[in-house]
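Take a look at the structure set out below.
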Amino acid sequence: MTVTNFQKRVYRLTALIPRGRVATYLALAKALGQPGASRAVGNALHNNPYAPQVPCHRVIRSDGTIGGFAGGAAKKIALLKKEGVSIKTGRISSTEYLYGFKIKR
DNA sequence: ACGGTGACGCTCA
DNA sequence: TTGAGCGCCACCG
C-alpha cells in the first residue's frame, strides 16, 4: 500500500480532530494549502489505511451534510452521535461542532 | 503518458 | 430550499 505524501498530510490533520467535533473536507484541503483539493481529500480518506487512528467519520461536507463513508453514511452518523455530535436530517444540527474553520450557507 | 473516477464545492435554474 | 451542471485535484487502470 503506497501512501502518498498528500495522503499522509490528510491523515495527520484528520487525526487532530477532537472527539465530539467535526471538520470539513474543504477545511482539510485549505489546511493543506490546496483549497481546491477537497475532492482529492475525500479520496484519501476513502482510502484510509489507518482506520481507527484516523477518525475519518469526523470529516463532513462543507454544506453541513454528512457526506460519504466506506460502510454507509448511516454508520458515520451513528458514530458521530455516539461522540456527542447531533445530526439532524442528514446534517449536523449546529456549527458549534465544527473544528478548524467555519462553514457557510 | 492519457483518460476516467470519486467520501467535494460552488453557481445557476 | 432542492436539484442539476461544471470545475478541481490526486489516484488508478
Side-chain angles (χ1 to χ4, degrees):
Chain A
M1 280 246 1
T2 318
V3 181
T4 67
N5 194 287
F6 179 79
Q7 292 181 283
K8 272 189 180 180
R9 279 177 278 179
V10 173
Y11 302 142
R12 188 142 141 210
L13 289 174
T14 306
L16 298 179
I17 306 173
R19 189 173 173 290
R21 281 282 164 62
V22 295
T24 68
Y25 295 99
L26 181 61
L28 283 170
K30 283 183 176 178
L32 289 174
Q34 296 177 63
S38 54
R39 206 158 197 168
V41 171
N43 265 329
L45 288 174
H46 183 222
N47 225 321
N48 177 29
Y50 305 80
Q53 294 173 50
V54 179
C56 40
H57 60 279
R58 290 179 196 159
V59 184
I60 64 177
R61 296 185 52 144
S62 65
D63 62 357
T65 55
I66 302 309
F69 190 66
K75 188 85 177 187
K76 188 168 176 179
I77 295 174
L79 284 168
L80 288 175
K81 280 192 165 187
K82 279 183 188 241
E83 301 190 341
V85 180
S86 290
I87 307 299
K88 188 74 172 181
T89 53
R91 355 177 58 198
I92 59 176
S93 53
S94 171
T95 60
E96 292 176 33
Y97 300 109
L98 286 178
Y99 175 76
F101 297 100
K102 52 286 178 188
I103 67 174
K104 35 193 290 187
R105 195 165 180 177

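Atoms considered below: every heavy atom in the structure, side chains included; atoms not considered: hydrogens, waters and symmetry mates. Below, chain A is the first sequence line, B the second, and so on; all start at residue 1.
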*In Å, rounded to the nearest 0.5 Å, how long is the span from CG of A/Leu80 to CD1 of A/Ile66?*
6.0 Å
*Taking CZ from A/Arg61 and P from B/dG6, how many angstroms apart are they, rounded to a whole number?*
15 Å
*For atom CG of A/Leu32 and atom P of C/dA10, their distance in whole Å*: 10 Å
_Whole-Å distance separating the CZ atom of A/Arg91 from the C1' atom of B/dG9_ = 14 Å
_Sorted by number, the residues of residues 43-51 of chain A with heavy-atom contact under 4.0 Å to DNA chain B_ = A/Asn43, A/Leu45, A/His46
*Test: A/Glu83 and A/Arg58 ion pair at under 4.0 Å*: yes
*Figure out the CZ/P separation between A/Phe6 and C/dC8, and round it to whole Å.*
16 Å
*So do A/Leu98 and A/Ile92 actually touch side chain to side chain, heavy atoms under 4.5 Å?*
yes
*Rounded off to whole Å, could you give me the OH-to-P distance for the A/Tyr11 and B/dA7 pair?*
13 Å
*May I have all residue pairs that pass ring pair (Phe, Tyr, Trp, His ring centres under 6.0 Å) and include part of residues 31-66 of chain A, sequence neighbours excluded?*
A/Tyr11-A/Tyr50
*Looking at C/dA10, B/dC10, B/dA7, which one has an atom nearest to any side-chain atom of A/Ser62?*
B/dC10
*Does A/Val41 belong to the same Ile/Leu/Val/Met/Phe/Trp/Tyr cluster as A/Leu16, with side-chain heavy atoms less than 4.5 Å apart forming each link?*
yes
*May I ask you to verify if any side-chain N or O of A/Thr4 is less than 4.0 angstrom from the OP1 or OP2 atom of C/dC11?*
yes
*Out of B/dA7, C/dC11, C/dC9, which has the shortest distance to the side chain of A/Ala70?*
B/dA7
*Which part of the nucleic acid does A/Ala40 contact within heavy-atom distance under 4.0 Å: base, sugar-phosphate only, or nothing?*
base
*Among the nucleotides C/dC9, B/dG9, C/dC11, which one has an atom lying closest to any side-chain atom of A/Gln7?*
C/dC11
*Rounded to the nearest angstrom, tell me the gap between atom NZ in A/Lys30 and atom P in C/dC9.*
15 Å
*If you take atom types as modelled and just measure distance, does the side chain of A/Arg39 reach the base of C/dC9 with a donor-acceptor pair under 3.5 Å?*
no
*Any pair counted as side chain to side chain donor-acceptor pair (under 3.5 Å), so long as it reaches residues 32-43 of chain A, sequence neighbours left out*: none
_Distance, rounded to the nearest Å, where A/Ile17 contributes CD1 and B/dA7 contributes C1'_ = 13 Å
*Interatomic distance, A/Asp63 CG vs C/dT2 C1' [rounded to whole Å]*: 12 Å
*Could you walk me through whether A/Thr14 and A/Leu45 pass side chain to side chain contact (heavy atoms under 4.5 Å, CB included), step by step?*
CA-CA 9 Å; A/Thr14 306; A/Leu45 288 174; 3.7 Å; yes
